[in-house]
Protein chains: 2
Amino acid sequence: MGEARRPYRREPSERRRDDLIAAALAVMAEAGPGAMTVRTIAERAGISAGLIRHHFRSKEDLIRAAFAAMMDRMTETTRQVAEHHPGNPQQAIAALVSSSLRPPVMEPERIGQWAGFLNLVRQDPVMRDLHEAAYLKYRDMLQAHIQQLPGKEDPRLARHLAIACNGVIDGLWLEGGTLPHSFAPGEVERIGLSAVSSLLGIDLLAGFERE
Amino acid sequence: MGEARRPYRREPSERRRDDLIAAALAVMAEAGPGAMTVRTIAERAGISAGLIRHHFRSKEDLIRAAFAAMMDRMTETTRQVAEHHPGNPQQAIAALVSSSLRPPVMEPERIGQWAGFLNLVRQDPVMRDLHEAAYLKYRDMLQAHIQQLPGKEDPRLARHLAIACNGVIDGLWLEGGTLPHSFAPGEVERIGLSAVSSLLGIDLLAGFERE
DNA sequence: GGGCTTGTTATACGGTTGTATAACAACTGG
DNA sequence: CCAGTTGTTATACAACCGTATAACAAGCCC
């Protein structure tokens with residue numbers, strides 16, 4: 001009985017790295033940081049466990065790359081959403097709030113993924129820098145849109161408002177994603193639009209039903 | 001060379017349980033969920049590792065008890081803060097916002113502690129129920145105070161406002177605690193008071209400097 | 001003060017972890 | 001079609017995990 005070795009295909013390193021990053025993010029989202037072992041991630045990526053350390057210097061290295069990819073994707077998505085409304089800061093902000101408080105952004109798996117990395121951020125300086133840079137980038141985009149609103153040109157005022165808006169978006173995202181069945185469908189999104197409207201003194205709910 | 005066994009004192013079970021819960025919370029806050037091993041927690045509590053399973057049925061049981069203790073403490077603290085302003089909903093809300101956005105509530109260790117448990121909440125139904133109950137209790141307290149404000153008596157309106165206020169408080173707590181050096185001292189607290197003022201149409205910053 | 005209860009320490013055990021290494025085979029270039 | 005490179009699998013290893021168990025001793029009761 002010859003014990004057959006598993007057949008395989010050779011792939012370029014970049015492809016394997018991408019697959020491993022995707023697998024790591026999926027495992028984090030579905031099963032949390034406790035399941036982030038090299039064997040589980042490798043199985044998810046469809047390769048053997050030892051291969052991870054052929055494409056990444058260590059497990060920690062893979063996790064950092066996965067975290068960076070997640071943060072990149074989030075800010076890029078946000079940028080694209082707001083980009084659809086050039087020269088219209090009000091609609092850009094409304095689109096940004098709505099996309100943040102709807103699936104697939106506001107979902108239990110996303111919260112789990114984000115929370116799972118948050119622990120590691122606290123103890124790894126590299127990840128802390130990645131996290132801070134992504135947060136500030138997001139907030140700066142928000143502030144830039146707010147500054148385009150009439151009467152909100154003062155950067156200090158716009159900064160405060162951006163922090164507050166970012167806070168309410170994050171907080172609602174967290175509540176809605178953690179306790180999905182405590183809210184009616186679309187309720188969190190409506191509350192978010194209403195709250196940001198109050199903060200900025202505008203009306204983001206005007207064309208809401210039509211979207 | 002007789003290998004001396006470590007001397008010890010016998011303690012009532014309740015005392016040992018409390019010590020172990022305190023040790024577990026400290027380890028979670030300082031080193032994250034990755035450090036939550038029976039050996040680390042026991043060492044932190046000053047006892048041998050095996051003793052944990054003499055006072056708790058399993059490690060999971062201890063973690064659940066620690067989580068419940070943390071949530072209880074948080075809601076109890078909040079309740080006491082607001083209680084100092086009976087019949088004055090505006091000041092009660094202001095005190096609640098301020099205490100949430102200041103040390104020792106808004107601190108990196110608290111965020112880490114909370115985020116560490118959040119992962120476990122997603123996969124343990126018992127912890128999920130504890131979490132949901134605590135969240136709703138907190139939000140109901142907030143809603144009760146809001147409903148006492150003039151013009152905010154409608155429960156549906158007050159509910160929406162409570163969700164939004166809770167969101168902005170949570171979001172700012174998260175931002176301020178995660179990136180403490182991105183904000184000036186007291187800045188997050190001021191922004192929080194200002195934001196909740198906008199949401200509720202009142203002025204919580206009136207007597208701020210005097211406090 | 002001498003047994004007795006039981007809280008406590010210490011050790012053992014199977015399983016899992018990240019990492020290191022050796023054997024193998026898929027593709028490349030000629 | 002064959003040698004060489006190297007991506008890949010498989011296995012080994014020390015450390016650590018949660019749990020189980022045995023030996024011990026601190027404090028209580030009579």
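Being a predicted model, the structure only gives us computed values, none of them experimental. Just so you know, these numbers use all the heavy atoms, side chains as well, and skip hydrogens, waters and symmetry mates.
Across the protein-nucleic acid pair, A:Arg5 atom CZ and D:dA10 atom C1' stand 6 Å apart, rounded to whole Å.
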Distances under 3.5 Å between nitrogen or oxygen atoms of protein and nucleotides 26-30 of chain D:
unit_1: D:dA26; atom_1: N3; unit_2: B:Arg10; atom_2: NH1; d: 2.8

Between the protein and nucleotides 12-14 of chain D, which nitrogen or oxygen pairs are less than 3.5 angstrom apart?
none

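Partners of B:Asn119 by side-chain hydrogen bond (donor to acceptor under 3.5 Å, both in side chains), not counting sequence neighbours: none found. In terms of the side-chain hydrogen bond (donor to acceptor under 3.5 Å, both in side chains) criterion, B:Arg57 has no residue partners (sequence neighbours excluded). Contacts of A:Ser48 classified as side-chain hydrogen bond (donor to acceptor under 3.5 Å, both in side chains), with partners at least two apart in sequence or in another chain: none. A:Glu60 pairs by the side-chain hydrogen bond (donor to acceptor under 3.5 Å, both in side chains) definition with A:Arg64, not counting sequence neighbours. Applying the side-chain contact (heavy atoms from CB on, under 4.5 Å) test to A:Ala133 and every residue at least two apart in sequence or in another chain returns nothing.
Side-chain contact between A:Thr178 and B:His131: present, with at least one pair of heavy atoms (C-beta onward) separated by less than 4.5 Å.
Here the CG-CG distance, from A:Leu136 to B:Leu179, works out to 6.5 Å after rounding to the nearest 0.5 Å. We find the CG-CG distance between A:Leu161 and A:Leu142 to be 9.5 Å, quoted to the nearest 0.5 Å.
Within the structure, side-chain hydrogen bond (donor to acceptor under 3.5 Å, both in side chains) pairs that include any residue of residues 156-169 of chain A comprise A:Arg159-B:Glu187, A:His160-B:Glu187, A:Asn166-B:Glu175 (at least two apart or interchain).
Side-chain atoms of B:Lys59 come within 3.5 Å of backbone atoms of B:Met36 as a donor-acceptor pair (strictly under, hydrogens ignored). Using modelled atom types, one side-chain atom of B:Trp173 and one backbone atom of B:Val105 make a donor-acceptor pair closer than 3.5 Å. A donor-acceptor pair is defined here as one N or O able to donate and one able to accept, closer than 3.5 Å; no such pair exists between the side chain of B:Arg16 and the backbone of B:Arg10. B:Arg17 places a side-chain N or O within 3.5 Å of a backbone atom of B:His55 that can act as its donor or acceptor partner.
Ring pair A:Phe67/A:Phe117 is tilted by interplanar angle, where 30° to 60° counts as tilted.
Each of B:Ile47, B:Leu51, B:Val38 was scored for a side-chain contact (heavy atoms from CB on, under 4.5 Å) with B:Leu20, with one residue passing: B:Ile47.
The stretch residues 59-68 of chain A has no heavy atom under 4.0 Å from DNA chain D, so no residue of it qualifies as close. Within residues 43-58 of chain B, the residues having any heavy atom under 4.0 Å from DNA chain D are, by residue number, B:Arg53, B:Ser58. Of the residues in residues 11-36 of chain B, B:Met36 come within less than 4.0 Å of DNA chain D through at least one heavy atom, sorted by number.
Ion pair A:Arg79/A:Glu76 flagged as a salt bridge, since at least one NZ, NE, NH1 or NH2 atom sits closer than 4.0 Å to an Asp/Glu carboxylate oxygen.
Closest non-hydrogen pair, B:Pro33 versus B:Met28, comes out as N-SD, 3.6 Å.
One axis for each end of the helix from C:dG1-D:dC30 to C:dG30-D:dC1, each built from five base pairs, and the angle between them comes to 10° at 10° resolution.
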